[in-house]
Number of protein chains: 2
Amino acid sequence: MTARATYHHGDLKAALVEAAVAAAREGGEAAVGLNRLAAGLGVSASAAYRHFPEGREDLLVAVGDVGRRRLAERLAARIADADADADAEPAPGTATAARRRFRASGRAYVEFVLDEPGLFQVANRHDRGRLPGADPFGVLEACIADLVDTGVLDEDRRTDAAAAAWAAVHGLAVLLTEGPLRRLPPDRRERVLERTLDMVESGL
Amino acid sequence: MTARATYHHGDLKAALVEAAVAAAREGGEAAVGLNRLAAGLGVSASAAYRHFPEGREDLLVAVGDVGRRRLAERLAARIADADADADAEPAPGTATAARRRFRASGRAYVEFVLDEPGLFQVANRHDRGRLPGADPFGVLEACIADLVDTGVLDEDRRTDAAAAAWAAVHGLAVLLTEGPLRRLPPDRRERVLERTLDMVESGL
DNA sequence: CCACTGATGTTGACGCCGTTCACACCTCGG
DNA sequence: CCGAGGTGTGAACGGCGTCAACATCAGTGG
């Protein structure tokens, strides 16, 4: 780990991204520094520039991509959990199932941000647009489509519904991690989250 | 402005905050640098540290306070506007008036953030808690109280209502300025804003 | 098998940043 | 008038992002 045998590293780019993700997880954006990371890998700083032509910003975008991908995966997983947990009656494809999935996605979003505030911070601030397979917003849109298909949401109220729902959940996550709601005890967090999800569900 | 007559500046602290606010307005947090600002005022960098003992962070908090104060003022002003514009029938103190004020505050919040993204960014990221007279959240809470008083919102649903509403509006503002909704054309912005306000109003 | 070429890594430098310390100056109260 | 304390200066430190010139390696065509 400390020194390497060969002159070439093998896969410096991947190693840098990995280290940058680790740094972002504890310390957020400020902890992602090219010099430090390169030194940590036993490599000169300029070597990093070979792999990230636009410098630090490129690296941050790469970290952000990882963050968005993990977030999207978490959302999908929690939605699947919600489906699985419902060995209760209502068959999939029903309105209550759609509602359950929708709620699960919102809850998972906030849960992820509380788990990984640093990664989420970088993911938000350095985004060069959607990339296929790593798109949290896409997951949310799918949930909205579910709501429409099952008749929970009127077709004509569909427009911008995803954006509005996203705004509420995203805003709550931001307020809870970087914002003034930062120091809320977990039980109060839970109540606020529940309240927000209620608002979205009954207000959309 | 370029050179000063006296050895002492007079009010360097205020001058630094003013310059920092100007810098933050165009360029956001990254543009607020002690060295640059001090130099711009024709003063050595270390002089700034006399007035901001904790260094840059102190200055950013000061800028944030200005931002929060301006935001709170804007909210109050737009609420007053809404009251004034309503030379239409419904008297103040009615449910529709409370709804109008509530909506005006949400709209004003987003409006301010779009007007002053840099200032808002600093205000969010460097917050050491509420300071009296400069508290946007307090304005929102007053609006909620209005809703309760006029019977729009049930007493027992009051808990965390302000937080949920705030989350929605704040999240929308963040998505519209720093986030993925950044490049939305103004007319679509307006639709999303309206949709979000609808969601909050009917979902609270 | 070898020389060339392009990819990869190194060394050293630049300017900017935040921060600190020892020192100079100016103002004001006693 | 003098001394004390608030205010500003100069110089320095380490760290950062970035770049250009040079060194080294790995694979490919002759």
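In what follows, chains are A, B, ... by sequence order, proteins preceding strands, each numbered from 1.
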### Between P of D:dA20 and OH of A:Y49, the distance in whole Å
12 Å
### Query
Heavy-atom distance under 4.5 Å between the side chains of A:L181 and B:W166, does that happen here?
yes
### Query
Ignoring hydrogens and angles, are the base of C:dT11 and the side chain of A:S46 linked by a donor-acceptor pair under 3.5 Å?
yes
### Query
Can you check the B:D11 CG to D:dG8 C1' distance for me, whole Å?
15 Å
### Task
Would you please classify the geometry between the A:F120 ring and the A:H170 ring as parallel, tilted or perpendicular, with 30° and 60° separating the classes?
tilted
### Query
A:R50 or A:N35: which one's nearest nucleotide on DNA chain D is closer to the 5' end?
A:N35
### Query
Any side-chain N or O of B:H51 under 4.0 Å from OP1/OP2 of D:dG8?
yes
## Note on the structure
From CG of B:D58 across to P of C:dT19 the rounded distance in Å is 10 Å
### B:L12 CG - D:dG6 P separation (whole Å)
16 Å
### Query
Is a salt bridge present between B:R195 and B:D198, judged by a nitrogen-to-oxygen distance below 4.0 Å?
no
### Query
Hey, is A:E141 close enough to A:R158 for a salt bridge, meaning N to O under 4.0 Å?
no
#### Entry: Interatomic distance where CG belongs to B:L37 and P belongs to C:dG18 [whole Å]
8 Å
### Selection from C:dT20, C:dT19, C:dT10 that lies nearest to any side-chain heavy atom of B:L34
C:dT19
### Distance, rounded to the nearest Å, where B:F52 contributes CZ and C:dT19 contributes C1'
15 Å
#### Entry: Gap between atoms CZ and C1', on B:R56 and C:dC17 respectively (whole Å)
9 Å
#### Entry: Separation of D:dG17 P from A:E54 CD (nearest whole Å)
16 Å
